[in-house]
*Asks:* 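I have a structure I would like to understand better, so I am pasting it below and will then ask my questions one at a time.
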Amino acid sequence: MEKKQVTDYIAGNKDRFLNELLELLRIPSISADSKHKEDVLKTAEAVKQRLVEAGADKVEVCPTKGFPVVYGEKIIDPKLPTVVVYGHYDVQPADPLNLWNSPPFEPVIKKTDIHPDGAIFARGSCDDKGQMYMHVKAFEFMVKTNTLPCNVKFMIEGEEEVGSPSLGPWIVENKERLKGDVILISDTSIIANDTPSIDTGLRGLAYMEVEITGPNRDLHSGVYGGAVANPINVLCKMIASCHDENNHITIPAFYDKVVELSADEREEMAKAPFNLDEYKKDLAIDDVRGEKGYSTIERTGIRPTLDVNGIWGGYTGEGAKTVLPGKAFAKISMRLVPNQDSHEISEIFKKHFESIAPASVKVKVTAHHGGEPVVVSIESEGYKAAASAMEETYGKKPVPTRGGGSIPIVALFKKELGLDSILFGFGLDSDALHSPNEHYGLFNYYKGIETIPLFYRNYTNMKK
Ligand code: BES
Ligand code: MN
Ligand code: MN
């Protein structure tokens, strides 16, 4: 297989490749929102249809307790290696809707400074429908031109954005069907369109919810204020106490298992191009903030964090209401790094929060979904095959990077299937994933379709 065969095929099918993706993006497959259940199911059927059309066999919408997993395969010779492709067809909720410049499920193409060739603006365009669909089109190319060098299995889920609760059990039940050599995933980012990179790690996650209860009812803040604990005041103080003046997390034993990188490893990481001024400009902030002693890249790549995702309680309606609320709530997440364990950290957090609460309130801590951190070896065949594929299509060696986000199922692929994952992402962090005006560059979409078949070729050759 030559690169030119791929670029010729893309050139001949450019508009269709784009239009097919736009059609998928029009279905609001929001897994977190039960109002969109039918849309999520409809998207699974659409993905199934597309896999069939691309040439996959045994394509099936596999039921789970939650949303289905779409499976399909092409086995050309059992003796050849098997690449297992993972992606997700569900998307994040689109709100706040008023901050979108165009409706989130009516994709439009617009040029931006970073994407002068245009980008598709729609929820899920980058995360992950656009990136997942590159694999379907790369596969189509290989099937239709008779260049598929090895076996392929697709596993596209519909619950990634809600923590993949059903995929874990599903892979355990389908170990036989999922036998393969490597997992290939495009659901991460590259540094920039002229600076390819490959994530060699993902952070884990522990997601908690806290409920603070004060008096048995909302009170008149004049009659009782000053004498009875205000749960919101208390909660804010408890949250604030979780970081010290160096933005180091104060929860006892929190850092006990954190793997510290050697000076050499940190030096290597610091070679990745990063422009702090552009970073600040993109976010319209005057300064960054984080753990003392670590760079911005380190703070998101190799250090654990604790962040409040939402906080509520009391009166938030129009005008003013003098009230001392009976309850306060917060959702708090911690990003984890090797070798932290999400269950252990959830337990440590719970104990700590219970211990720091004053006697004037009651505290209830519950854990939501979590996931474990992962690292990918740059010495693995999969990484090398991916790196040389990118080098060929970008004309530059990709930089190994640590991704700050989480894909909880990746650790389970290793644990349950014994398979390493290659994080072959093509998006940009600035593509506004999970934010209003999410977009995906046309350059990135087509570049992904061009690069993926070369991975298959390289990987198969290395395994020979
Ligand atoms: N695709 C992202 C994860 C990601 C994005 C990794 C960019 C690296 C770079 C994924 O869809 C995601 O959003 N994951 C969630 C996990 C959660 C819902 C369990 C996350 O990271 O918050
Ligand atoms: Mn994703
Ligand atoms: Mn996501």
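What you see below is based on every heavy atom in this structure, not just the backbone, and it leaves out hydrogens, waters and symmetry mates. Start at 1 and go down the list; that is how both ligands and their atoms are numbered.
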*Asks:* Between Asp429 and ligand 1, which residue portion shows a heavy-atom distance shorter than 4.0 Å: side chain, backbone, both, or neither?
*Replies:*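 Neither part.
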*Asks:* Charged N to carboxylate O below 4.0 Å: is that the case for Arg457 and Glu392?
*Replies:* yes
*Asks:* Of all the atoms in Asp128, is at least one N, O or S atom closer to the Mn ion (ligand 2) than 2.8 Å?
*Replies:* no
*Asks:* Would the Phe141 and Phe139 ring centres measure less than 6.0 Å apart?
*Replies:*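 When the ring centroids of Phe141 and Phe139 are compared, they turn out to be at least 6.0 Å apart.
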*Asks:* Hey, which atoms in ligand 1 end up nearer than 4.0 Å to a heavy atom of Leu433?
*Replies:*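 Those atoms are 5 (C), 7 (C).
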*Asks:* Starting from atom 15 (C) of ligand 1, find the nearest protein heavy-atom neighbour and note its residue, name and distance.
*Replies:*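 Of the protein heavy atoms, Ser406 O, 3.5 Å lies nearest.
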*Asks:* Of all the heavy atoms in His434, does at least one lie under 4.0 Å from an atom in ligand 1?
*Replies:*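 Right, His434 reaches ligand 1.
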*Asks:* Taking backbone and side chain together, does His88 place any N/O/S atom at a distance below 2.8 Å from the Mn ion (ligand 3)?
*Replies:*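 For His88, the answer is no, given that no N, O or S atom comes within less than 2.8 Å of the Mn ion (ligand 3).
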*Asks:* Could you tell me whether Lys137 and Glu20 make a salt bridge, using a distance below 4.0 angstrom between a side-chain N and a carboxylate O?
*Replies:* yes
*Asks:* State which residue, out of Arg299, Arg289, Arg303, fulfils the side-chain hydrogen bond (donor to acceptor under 3.5 Å, both in side chains) condition with Asn247.
*Replies:*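 Exactly one pass, corresponding to Arg289.
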*Asks:* Heavy-atom distance to atom 1 (N) of ligand 1: which of Leu202, Asp187, Asp431 wins?
*Replies:*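 Heavy atom nearest to atom 1 (N) of ligand 1 belongs to Asp187.
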*Asks:* Have a look at Tyr86 and tell me which of Trp170, Phe413, Phe424 forms a ring pair (Phe, Tyr, Trp, His ring centres under 6.0 Å) with it.
*Replies:*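 Of the listed residues Trp170, Phe413, Phe424, the ring pair (Phe, Tyr, Trp, His ring centres under 6.0 Å) partner of Tyr86 is Phe413.
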*Asks:* I'd like to know whether ligand 1 has Gln92 as a neighbour, heavy-atom separation below 4.0 Å.
*Replies:* no
*Asks:* Among all the protein's non-hydrogen atoms, which is closest to atom 17 (C) of ligand 1, and how far away is it?
*Replies:*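 It is Leu205 CD2, 3.9 Å.
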*Asks:* Are any of the N or O atoms of Asp127 closer than 3.5 Å to those of ligand 1?
*Replies:* yes
*Asks:* Using the six-membered ring wherever Trp is involved, compare the ring planes of His36 and Phe105 and label them parallel, tilted or perpendicular (cut-offs 30° and 60°).
*Replies:*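 Answer is tilted, since the angle falls between 30° and 60°.
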*Asks:* For ligand 1 and Thr188, I'd like to know whether there is a polar contact (N/O to N/O, distance under 3.5 Å).
*Replies:*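 Looking only at distances, the answer is no, because the N/O contact criterion of under 3.5 Å is not met.
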*Asks:* List the closest protein heavy-atom neighbour of atom 22 (O) of ligand 1: residue, atom name, distance to the nearest 0.1 Å.
*Replies:*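 Protein heavy atom at minimum distance: Arg335 NH2, 2.8 Å.
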*Asks:* Give the residue and atom name of whichever protein heavy atom lies nearest to atom 9 (C) of ligand 1, and the separation in Å to one decimal.
*Replies:* Ser189 OG, 3.8 Å
*Asks:* Taking the six-membered ring for Trp and the single ring otherwise, decide whether the centroids of His243 and His248 are under 6.0 Å apart.
*Replies:*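 No, the ring of His243 stays outside the 6.0 Å limit from the ring of His248, centre to centre.
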*Asks:* Need the atom name: nearest N/O/S atom of Asp127 to the Mn ion (ligand 2).
*Replies:*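 Nearest N/O/S atom of Asp127: OD1.
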*Asks:* Nearest protein heavy atom to atom 11 (O) of ligand 1, by residue and atom, and its distance?
*Replies:*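 Its nearest protein heavy-atom neighbour is Glu160 OE1, 2.7 Å.
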*Asks:* Using 4.0 Å as the upper bound for N to carboxylate O, is an ion pair formed by Lys42 and Glu38?
*Replies:*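 Looking at Lys42 together with Glu38, the answer is no, because their closest N to O distance does not fall below 4.0 Å.
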*Asks:* Kindly indicate whether a cation-pi arrangement holds for Arg177 with Tyr71, taking the cut-offs as under 6.0 Å to the six-membered ring centre and within 45° of the axis.
*Replies:* yes
*Asks:* What residue among Thr82, Asn151, Leu51, Asp57 forms side-chain contact (heavy atoms from CB on, under 4.5 Å) with Lys74?
*Replies:* Asp57
*Asks:* Distance to 0.1 Å, residue and atom name: give those for the protein heavy atom nearest to atom 18 (C) of ligand 1.
*Replies:*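 Scanning the protein heavy atoms, the shortest distance from atom 18 (C) of ligand 1 goes to Glu161 O, 3.5 Å.
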*Asks:* Any idea which part of Pro408 is under 4.0 Å from ligand 1, heavy-atom wise: side chain, backbone, both or neither?
*Replies:*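 The side chain, only.
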*Asks:* Should we count NZ of Lys58 as having more than 12 external heavy atoms under 6.0 Å?
*Replies:*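 No, NZ of Lys58 has 12 or fewer neighbouring heavy atoms, counting only those of other groups under 6.0 Å.
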*Asks:* Do Glu416 and Lys175 meet the salt-bridge criterion of a basic N to acidic O distance under 4.0 Å?
*Replies:* yes
*Asks:* Which ligand 1 atoms are under 4.0 Å away from a heavy-atom of His88?
*Replies:* 11 (O)
*Asks:* Specify the protein heavy atom at minimum distance from atom 19 (C) of ligand 1: its residue, its atom name, and the distance to 0.1 Å.
*Replies:* His369 CE1, 3.4 Å
*Asks:* Could you list the atoms of ligand 1 found under 4.0 angstrom from a heavy atom of Gly405?
*Replies:* 6 (C), 8 (C), 21 (O)
*Asks:* Could you check whether any heavy atom of Asp128 sits closer than 4.0 Å to an atom of ligand 1, since that is the contact criterion I want to use?
*Replies:* no
*Asks:* With the Mn ion (ligand 3) as the point of reference, which N/O/S atom of Glu161 is the closest?
*Replies:* OE2
*Asks:* Does the distance from a Lys or Arg side-chain N to an Asp or Glu carboxylate O, for Glu391 and Lys384, drop under 4.0 Å?
*Replies:*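 Here Glu391 does not pair with Lys384 in a salt bridge, since their nearest N and O are not under 4.0 Å apart.
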